[in-house]
Amino acid sequence: MTLEQLNAPQRQAVALEEGHALILAGAGSGKTKVLTTRIAWLISNQSVSPLSILAVTFTNKAAKEMQSRVAAMLPIDTRGMWIGTFHGLCHRMLRAHSRDAQLPQTFQILDSTDQLALIKRLLKANSIDQEKYPARDIQRFISSCKEQGQRPDAVAPEDPYSRRLVEIYALYEAQCQREGVVDFAELLLRALELLQRHEAVRSHYQQRFRHILVDEFQDTNSLQYQWLKLLAAGGARLFAVGDDDQSIYAFRGANVGNMTDFEHHYAAGNVIRLEQNYRSHGHILDAANALIAQNTGRLGKNLWTDAGQGEPVRVAQLPSDHAEAQWVLDEIRALRDEGLDHQQMAILYRSNAQSRVLEHALFTAGIAYRVYGGLRFFERQEIKHALAYLRIVHRIDEDSSFLRVVNFPARGIGARSIEALNDQASRNQTSLAQAVAHVAGKAGSALAQFVMLIQKTSQEVFVLPLSEAVDHVIEVSGLRTYYRTQRDGSERIENLDELVNAAKVFELEQDLAGLPCGQRPIASDPESGESMTPLEAFLSHAALESGDTQAQAGQDAIQLMTIHAAKGLEFDAVFLTGLEDGLFPHENSLYELGGLQEERRLMYVAMTRARKRLYLSLAQSRMLHGQTRYCLPSRFVDEVPEQHVKHLSQRAAVDDWLGAAAPARASGRSASGTQLSGNNGLVVGGQTFRVGQGVRHPRFGEGTILGLSGLGLDAQAQIHFLDVGTKTLALGVAKLEIIAA
DNA sequence: CGTACGCTTATTTTT
DNA sequence: TAAGCGTACG
């Protein structure tokens, strides 16, 4: 194993001989290369057994990439190695020790949609007011409790409302346990508790894993961090790679504080900074550095490149969202003429809703594009139905799946029957399927027939190989017939066929060829005794790996995505659109603790995606929630130093806009010396309102104008009041007093 | 039992 | 604007 192709800090990180380490890996600094090379180096140069390495990531994509890059470097079979996502690895542990984890051997995984459905069902069954306790809020509450390691009995409710939440949480847990299902957060919490409570299991893994490598450490939540710490408590060495400046997932529980904590308690003296950037040209990098320097409490890092300054960052201001899209289109054509592939261009935006206008422009111009995000394969309705059948065929007591398909396709089992069944089940604390026998109804009832169909199918299917089993279930469930009769069903049929195909691929990948899908094989991991039937393995796979978003055709397509989705990717040219105050930074973020700084990190992530060209664009007016809104430039635009910027003048267009709409007068210059809109004043009744102004309302008190929209009689302002939150007021009606510029 | 209409609401998202 | 949800109707 030679480390010649690495730079000095990379080499130092890869070949670190002792202790824990924190690798601060800037954007484009070769983070994955360091991680994979270290694994290879440990095995080939330090004679570390592949079995004693644990490498953990957040996404399946990252795990796969790591797996294959390690495999390419080493002449050994890497498949037995523990490289995977937090959820995947915890799942693996729980399968191997299901008894100790107090889970049925047949437990299944709920994705967040399933979880939400279960909660709704629970609320209904317990006659809980869904207005007062919305299922979404309950879901968020339960997840965040679990992410902090808290079971219902550990939560100290402070008021009647949260006391009720905790009660619902407890009901939810009981229901999951009854059904033998675990949600995503539960996978992590159970795995942690398994290690905490079972000495033998704990010491087994503590002794087995000598090297624990963590990718994207800044995205870990406290539960994940606890799990890592416990695993490493037996002397394993933690190797954490991350970038605090790219922490953009606080809203889903990620805790950047884990990095500081890790630095203090584990990696003191072993902090290595990877600051050489191999991606972006100088202007782009310096611009990003200057922007992120405005944040406080950073671990500190300054990216540099020897690639030369390259092109300055282009900033353009357009009169409307449509004009912005049109401008992007023009620039795309120009770049294409310069020889760039469409594939190497990305249009980024803060929120998904912004893609519509851009898509429209691209579509009209006949330019191929691909939008990231949206429905994924395993989330499609027909796929979820098929999987639900497979799940109850495997284990009929799983109520969630039972309910999903008991009357789909319709077989005359209505709300009435279901209600009776629910009552019966909760009276006797049984599953719905078990309750069928007791519910008032004859043996030949539709419900009884359904249960018989499932039981019969179970027997038929368990002796078949996986893919044939999947095919058979799709057939006898009536799904295939149903979708054949539907107008829009042909695509769904194709997806169902694709599911059979996915099962076939799974068989090949997992060496399951010829194995009956219901037969528990010899443990695949003899050390831990893990063993799943092919069907169980496939169902888990489907729950943990939601699959790609459907790829639009066209190889050379422009890439459209949110900034979040762009993390980890890179493009020759990046268009960062919608740089308007209130949109980016998003107005909601301003009321969250540390919200603005997180938005700035998001901006940093976005800028550092670009290799050669970076464009920042903003619209002076934008259609938002069905209303035209007038916008000020994002403060982030001003945070990019002038020396790295080239302003693309759109004077004529701006004047047109002023002339045509004339809701306001141009005035003011921005800090950067550019003529920015600054003309956001909206004159109503002699008063000039501007975004950012302080106002007083006789009833709501003091507030700040967040946005202005409409003209004349339709003029409205979104105002955030200190006491009552954000309101939209008609400026012609509301008696507002301007108290500050 | 399925559809049609009206109401509400509106970041970011992986597992 | 437009999607998602719940109720009312055929």
Side-chain angles (χ1 to χ4, degrees), chain A residues 56-63 84-91 109-116 120 130-131 134-136 140 143 146-147 182-188 191 215-216 219-221 223-224 247-254 321 348-357 360 372-374 376 378-379 407-418 446 486 540-549 561-568 578 582-592 595 598-599 601-603 605-606 622-629 707 709 718 726 728:
Chain A
V56 55
T57 65
F58 277 86
T59 64
N60 290 305
K61 193 176 157 207
T85 63
F86 278 101
H87 292 85
L89 296 172
C90 286
H91 172 246
I109 301 162
L110 292 185
D111 69 20
S112 24
T113 318
D114 300 334
Q115 184 189 26
L116 192 66
K120 282 183 182 159
Q130 301 219 27
E131 295 269 279
R136 286 219 171 271
R140 210 169 315 141
S143 297
K146 289 187 180 183
E147 273 157 21
V182 296
D183 60 48
F184 286 135
E186 184 73 25
L187 285 171
L188 304 180
D215 190 19
E216 305 275 18
D219 288 337
T220 51
N221 62 32
L223 193 51
Q224 289 157 339
S247 163
I248 55 172
Y249 285 115
F251 72 91
R252 66 176 198 213
D321 45 359
L348 309 185
Y349 34 80
R350 173 68 238 265
S351 64
N352 287 304
Q354 289 166 248
S355 76
R356 184 162 270 108
V357 179
H360 179 76
Y372 282 70
R376 284 186 286 199
F378 287 112
E379 291 168 355
N407 196 38
F408 191 95
R411 40 175 78 83
I413 300 170
R416 241 179 29 257
S417 320
I418 297 298
Q486 291 285 306
S540 299
H541 167 77
L544 283 173
E545 164 119 49
S546 36
D548 285 332
T549 62
M561 66 194 86
T562 64
I563 301 169
H564 283 89
K567 190 175 164 211
L583 199 64
F584 190 25
H586 198 281
E587 57 197 24
N588 294 359
S589 72
L590 303 180
Y591 311 116
E592 290 160 12
E598 173 136 331
E599 294 287 300
R601 290 193 293 270
L602 199 49
M603 178 77 182
V605 167
R622 178 178 298 276
M623 193 62 121
L624 210 62
H625 307 330
Q627 280 187 321
T628 304
R629 203 164 126 158
S709 53
Q718 286 85 42
T726 304
T728 301

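All chains are named by letter (A, B, ...) in the order of the sequence lines, taking the proteins before the strands, and each is independently numbered beginning at 1. Owing to the predicted nature of the structure, the values given are computational and were not obtained by experimental measurement.
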As a test of reading the structure: which of B:dT12, B:dT13, B:dT15 is closest to the side chain of A:Arg350, going by heavy atoms? B:dT12
Per-nt protein contacts along nucleotides 3-10 of chain C (heavy atom under 4.0 Å; B base, S backbone sugar-phosphate only, - none) come out as S-------
Please report the C-alpha distance between A:Asp111 and A:Phe184 in whole Å, then the side-chain angles of each, then the deciding distance to 0.1 Å, and finally whether the side chain to side chain contact (heavy atoms under 4.5 Å, CB included) criterion is met. CA-CA 7 Å; A:Asp111 69 20; A:Phe184 286 135; 3.8 Å; yes
Quote, to the nearest angstrom, the P distance that separates B:dT13 from C:dG4. 15 Å
B:dT12 and C:dC5, which share atom name P, separated by this distance in whole Å: 16 Å
Distance criterion of 3.5 Å, no angle test: do you see the side chain of A:Ser112 paired donor-to-acceptor with the base of B:dT13? no
Measuring from the side chain of A:Phe251 (C-beta onward, heavy atoms only), which nucleotide among B:dT15, B:dT14, B:dT12 has the closest atom? B:dT12
Nearest-neighbour nucleotide for the A:Leu544 side chain, B:dT15, C:dT1, B:dT12 considered: B:dT15
Syn within 90° of 0, anti beyond: B:dT11 is syn
Do the ring planes of A:His564 and A:Tyr249 sit parallel (below 30°), tilted (30 to 60°) or perpendicular (above 60°)? tilted
Per atom distances to the A:Asn588 side chain, the nearest of B:dT15, B:dT11, B:dT13 is B:dT11
Ignoring the backbone of A:His564, work out which of C:dT1, B:dT13, B:dT15 is nearest its side chain. B:dT13
Could you check how far CE of A:Met561 sits from C1' of B:dT14, rounded to whole Å? 16 Å
Whole-Å C1' distance, C:dA3 and B:dT14: 23 Å
